[in-house]
Amino acid sequence: MFFIRRHPILVGVAFVLLIMLIVLGASAMTVWRAAHFDEASRIDRADIIIVLGAAQYGGRPSPVFRGRLDHAVLLFQQDRAGSVMVVGGKAPGDSTTEAEAGRDYLISHGVPTGSAVAEPVGRTTFESLAGAAKYMNEHGMASAFLVSDPWHNARITRMASDLGIVGYASATWTSAATSEDTRFSGYARETLAYVYYRIFGR
């Protein structure tokens, strides 16, 4: 008590740092646990499969994007949903959107044209999922498998829930997790992103 009375500012700073460490630790565990559980192992079917967009070059999906799209094709072939939606807008200088590039890839890999949907809106994950939520609401859909990289699972599932989507994360490990360094970087970055979203809601 004597130390606290003599150094109230130092104690306050230490307390804040402790709270921050607890929050970061709990969030890191949430991100890690979500990354290592595939909701498709317990959920047989949803209304739609949503693929989160990634980089594309002149209509050609990047390796990361292809990994997500290939996983969505697998889920579709397993009859987990009747359609696949790709979300994602256009970066400055791009000739097409992530959503359109992804839809074309799906069609070229066996998904029927009528079952492949492009929702080319948003430059952030939240904006893209908001576009997906609007489409689903207009078409009487409620549930979706969410396909991205594993460390995104916790955040995108939370976002989907906040937007009224019953989301089931089913990630691909074949797109970005090429090394231990890549995985560590992904977990660290996503832990901070998860905390940011929980605090600011965007």
Side-chain angles (χ1 to χ4, degrees), residues 15-40 42-43 46-56 62 64-65 67-69 71-72 75 84-92 97-99 102 117-137 141-173 175-177 181-202:
F15 180 76
V16 170
L17 289 175
L18 177 62
I19 295 299
M20 290 174 62
L21 286 174
I22 292 173
V23 170
L24 284 173
S27 298
M29 182 58 67
T30 297
V31 170
W32 190 89
R33 291 179 63 182
H36 288 80
F37 183 70
D38 186 353
E39 294 274 18
R42 71 176 185 89
I43 300 297
D47 293 328
I48 194 169
I49 300 162
I50 300 175
V51 184
L52 278 296
Q56 55 82 30
S62 64
V64 168
F65 199 4
R68 299 178 188 181
L69 293 164
H71 187 67
L75 290 174
V84 185
M85 175 193 296
V86 188
V87 298
K90 180 191 295 185
T97 64
E98 295 170 1
V117 181
E119 188 66 21
V121 298
R123 287 303 307 154
T124 68
T125 302
F126 187 85
E127 290 172 353
S128 293
L129 284 173
K134 181 175 183 294
Y135 176 93
M136 291 176 64
N137 185 58
M141 298 177 178
S143 62
F145 284 113
L146 307 173
V147 179
S148 188
D149 295 325
W151 35 80
H152 297 160
N153 284 357
R155 183 165 58 97
I156 63 176
T157 302
R158 170 67 64 171
M159 287 181 173
S161 177
D162 290 344
L163 290 164
I165 299 172
V166 180
Y168 306 114
S170 182
T172 173
W173 284 95
S175 63
D181 288 343
T182 301
R183 293 186 183 189
F184 178 79
S185 175
Y187 286 126
R189 183 175 61 252
E190 193 59 27
T191 295
L192 295 176
Y194 180 77
V195 171
Y196 182 90
Y197 177 72
R198 292 303 304 272
I199 295 173
F200 299 105
R202 296 291 291 185

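The first residue in the sequence is number 1, and the count goes up from there. Computed from heavy atoms alone, side chains included, the values below leave out hydrogens, waters and symmetry copies. Keep in mind the model is a prediction, meaning the values are calculated, not measured.
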Closest approach of [X] and [Y], non-hydrogen atoms and distance?
{"X": "I156", "Y": "T125", "result": "CG2-CG2, 3.8 Å"}
{"X": "A46", "Y": "Y168", "result": "CB-CD1, 4.4 Å"}
{"X": "E127", "Y": "R123", "result": "OE1-N, 2.9 Å"}
{"X": "F65", "Y": "L52", "result": "CE1-O, 4.1 Å"}
{"X": "T97", "Y": "G88", "result": "CB-O, 3.7 Å"}
{"X": "A133", "Y": "L163", "result": "CB-O, 3.8 Å"}

Quick check: does any side chain N or O of D47 sit under 3.5 Å from a backbone N or O of A144, one acting as donor and the other as acceptor?
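The answer is no, because no donor-acceptor pair under 3.5 Å joins these two groups.
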Donor-acceptor check, side chain of T157 to backbone of N153, threshold 3.5 angstrom: yes or no?
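Here the side-chain-to-backbone pair exists.
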So, do [X] and [Y] sit near enough that their side-chain heavy atoms are less than 4.5 Å apart?
{"X": "M136", "Y": "I165", "answer": "yes"}
{"X": "V86", "Y": "V117", "answer": "no"}
{"X": "H71", "Y": "S170", "answer": "yes"}
{"X": "I50", "Y": "F145", "answer": "no"}
{"X": "I48", "Y": "V84", "answer": "no"}

A55: partners by side-chain contact (heavy atoms from CB on, under 4.5 Å), with sequence neighbours left out:
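A55: side-chain contact (heavy atoms from CB on, under 4.5 Å) contacts with Y57, S62.
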Evaluation steps, side chain to side chain contact (heavy atoms under 4.5 Å, CB included), between R198 and V195:
CA-CA 5 Å; R198 292 303 304 272; V195 171; 5.8 Å; no
E98 with R68: basic N within carboxylate O range, under 4.0 Å
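Salt bridge between E98 and R68, a charged N being under 4.0 Å from a carboxylate O: no.
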Give a yes or no on whether a salt bridge exists between E190 and R155, defined as a side-chain N under 4.0 angstrom from a carboxylate O.
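Between R155 and E190 there is a salt bridge, with a charged N closer than 4.0 Å to a carboxylate O.
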